[in-house]
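Whatever order the structure lists ligands and atoms in, that order sets their numbers, starting from 1.
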Amino acid sequence: MSTTIKTQVCIIGAGPSGLLLAQLLANSGIDTVVLDRKDRAYIEGRIRAGVLEQGTVTALEEAGAAERLHREGLTHDGFELAFDGIRHRIDIAALTGKTVTVYGQTEVTKDLFDKRYAEGQVFYFNVEDVKPTNLKSDQPAVHFTKDGENIVVECDYVAGCDGFHGVSRRAIPADVLKTYERIYPFGWLGILVEKPPVSHELIYANHERGFALASMRSDTRSRYYIQCGVNDDLANWSDDRFWEEFALRLGPDAAANLQTGPSFEKSIAPLRSFVAEPMRYGNLFLAGDAAHIVPPTGAKGLNLAASDIRILSRALVEHYKNNNDHYMDTYSATALARVWKGERFSWQLSALMHQFPDHSPFERKMQRAEFDYIMGSEAASRSIAENYVGLPLE
Ligand code: FAS
Ligand code: PHB
């Protein structure tokens, strides 16, 4: 016995990808149902991205969910790369005419949830056994259970916005799906602390002891990271040990203004580069982390998810409003063209800024030479800047 629901687009995942897609489709009168295996509080509690490209801000404006972002977000026109204490500012505004906005993914998710709830979005949280079916037919469906009840969503299209560990990508047959992966031999240990940031701009630091990143969530809340072992344990990292290591890697000049205090969030994230092709299979469309993962070094993860959704929402709106399937037919190729450029930049900046266990003194010299070249070349700095602010959508 099961309950049947009908909708136009069934969205699996209520992270930033799924929520933004639901909002952009709702703005065009397209009906959706959104499923998630967690609930709103859990999803909003995840601490992740912190830097938004202008394109992502535009998408949130189009979604009508950018009011608090414009009130509370911090506009940044530059950031620093540091190498063994030597600092070089990348003036993104002068080099590209663009800026980035510092505004946590947590806040983006809260704003999108508020908007979706205000407009009566149908959500199913804490779902289990999610299974997309009949994807190559014109009547795809998504089966799941909720509190022991079997439910089927009959829809026109399925949007797989369920992240790296979701089920959507796995619904594509192994002889169709091709994946590409690079797992990095280190992770990032991140903390949140209610203290003013050490600098008004982000500092990415390469030190012989390892990478460090000074970021923030506001003028009073800082987000700091240090590179750690791929199997490192949070139990090994007291706040005191973190602060000592972080200050060493930042260097005495940058760390001079460091205000330490008790962390209220501490977590370790593994780093990987990953892409799944194609991003469409029949009437299933993959978007965001369900299709690709980048190391957070280039601040691309959330922003690539947002650009997928801008491309996918246009495709679905064109289909429903103008009976034009051109953008659906080209979705995978268009999204992947941008994804691969984001993967390259994230991989390149990770290679420049981290200590690799298998690096010889020669590789260390190559990293320093690249840093010196970037410092001395406007062209090299502009290349970093234009990737950081986000390449054009198409
Ligand atoms: P998400 O993973 O955010 O959301 C997927 C949703 O699908 C989740 O809510 C999940 O519960 C749900 N789901 C999964 N399986 C399901 C199933 N079977 N059925 C139903 N629902 C299911 N990016 C940056 O730019 N900067 C950063 O610093 C940064 N740090 C990160 C740290 C960590 C630990 C992680 C994991 C990612 C980080 N990212 C960062 C990347 C991150 O921001 C992602 O790019 C972003 O969350 C992508 O959003 P979604 O595609 O919505 O995927
Ligand atoms: C963050 O503030 O969480 C952040 C900022 C920039 C990055 C990665 C993470 O590249």
Side-chain angles (χ1 to χ4, degrees), residues 10-22 34-53 56 74 76 79 100-106 108-109 112-113 123-132 142-146 159-171 187-192 197 201-204 211 213-218 221-225 265 267-272 274 286-309 339 342 345-346 349-350 353 388 390:
C10 182
I11 299 173
I12 306 175
S17 293
L19 292 171
L20 180 58
L21 179 61
V34 179
L35 318 176
D36 203 292
R37 66 182 175 181
K38 299 295 184 183
D39 62 18
R40 175 176 183 176
Y42 182 94
I43 297 164
E44 288 183 347
R46 286 192 302 233
I47 308 299
R48 289 191 173 169
V51 173
L52 307 183
E53 296 173 3
T56 302
L74 303 174
H76 280 206
F79 66 93
V100 294
T101 303
V102 171
Y103 189 72
Q105 175 174 323
T106 306
V108 170
T109 310
L112 287 168
F113 263 127
F123 284 108
Y124 285 87
F125 292 119
N126 299 314
V127 302
E128 296 177 303
D129 312 315
V130 176
K131 187 171 172 34
V142 179
H143 298 250
F144 65 96
T145 58
K146 164 83 176 158
C161 300
D162 47 350
F164 182 70
H165 300 291
V167 295
S168 300
R169 187 175 68 247
R170 294 170 176 81
W188 278 20
L189 165 59
I191 70 163
L192 276 173
E201 293 182 328
L202 273 67
I203 303 174
Y204 294 80
F211 168 80
L213 169 60
S215 183
M216 75 282 291
R217 290 293 178 267
S218 69
R221 177 172 293 185
S222 296
R223 177 64 167 168
Y224 296 140
Y225 297 94
E265 196 274 348
S267 54
I268 292 178
L271 269 62
R272 81 176 72 230
F274 174 85
L286 300 181
D289 278 19
H292 43 76
I293 297 285
V294 284
T297 323
K300 290 293 147 228
L302 175 59
N303 293 298
L304 287 173
S307 57
D308 287 351
I309 295 304
V339 163
F345 174 65
S346 306
L349 201 57
S350 298
M353 300 308 292
Y388 196 80

**Request:** Please write down residue, atom name and distance for the protein heavy atom closest to atom 6 (C) of ligand 2.
**Result:** Tyr204 OH, 3.3 Å
**Request:** Would you please say whether a donor-acceptor pair under 3.5 Å links the side chains of Tyr42 and Arg40?
**Result:** no
**Asked** Any N/O of Gly301 closer than 3.5 Å to an N/O of ligand 1?
**Response** yes
**Prompt:** ligand 2 versus Ser215, non-hydrogen atoms closer than 4.0 Å: side chain, backbone, both, neither?
**Reply:** side chain
**Message:** Tell me whether ligand 2 is touched by Ile47 - counting only heavy atoms on the residue side and a distance under 4.0 Å.
**Reply:** no
**Request:** Tell me which part of Thr297 gets within contact of ligand 2: side chain, backbone, both or neither, using heavy atoms under 4.0 Å.
**Result:** backbone
**Message:** In this structure, does ligand 2 have an atom that sits under 4.0 Å from one of the heavy atoms of Gln105?
**Reply:** no
**Message:** Could you identify the single nearest non-hydrogen protein atom to atom 8 (C) of ligand 2 and state the distance to 0.1 Å?
**Reply:** Pro296 O, 3.2 Å
**Prompt:** Any chance the side chains of Asp308 and His292 put a donor and an acceptor closer than 3.5 Å?
**Reply:** yes
**Message:** So if I count the atoms of ligand 2 from 1 in the order they appear, which ones are less than 4.0 Å from some heavy atom of Leu202?
**Reply:** 5 (C), 6 (C)
**Prompt:** Which atoms of ligand 2 sit under 4.0 Å from any heavy atom of Trp188?
**Reply:** 8 (C)
**Complete:** of all protein heavy atoms, closest to atom 3 (O) of ligand 2 is Tyr225 OH, 2.6 Å
**Message:** Contact between ligand 2 and Tyr103 is defined here as a heavy atom of the residue under 4.0 Å from a ligand atom; is it met?
**Reply:** no
**Asked** Does the side chain of Ser222 come under 3.5 Å of the side chain of Tyr224 through a donor N or O and an acceptor N or O?
**Response** yes
**Message:** Please classify the Arg48 to ligand 2 contact at 4.0 Å (heavy-atom distances, strictly less than): side chain, backbone, both or neither.
**Reply:** backbone
**Request:** Among all protein heavy atoms, pick out the one at the shortest distance from atom 18 (N) of ligand 1; state its residue, atom name and that distance to 0.1 Å.
**Result:** Val167 CG1, 3.5 Å
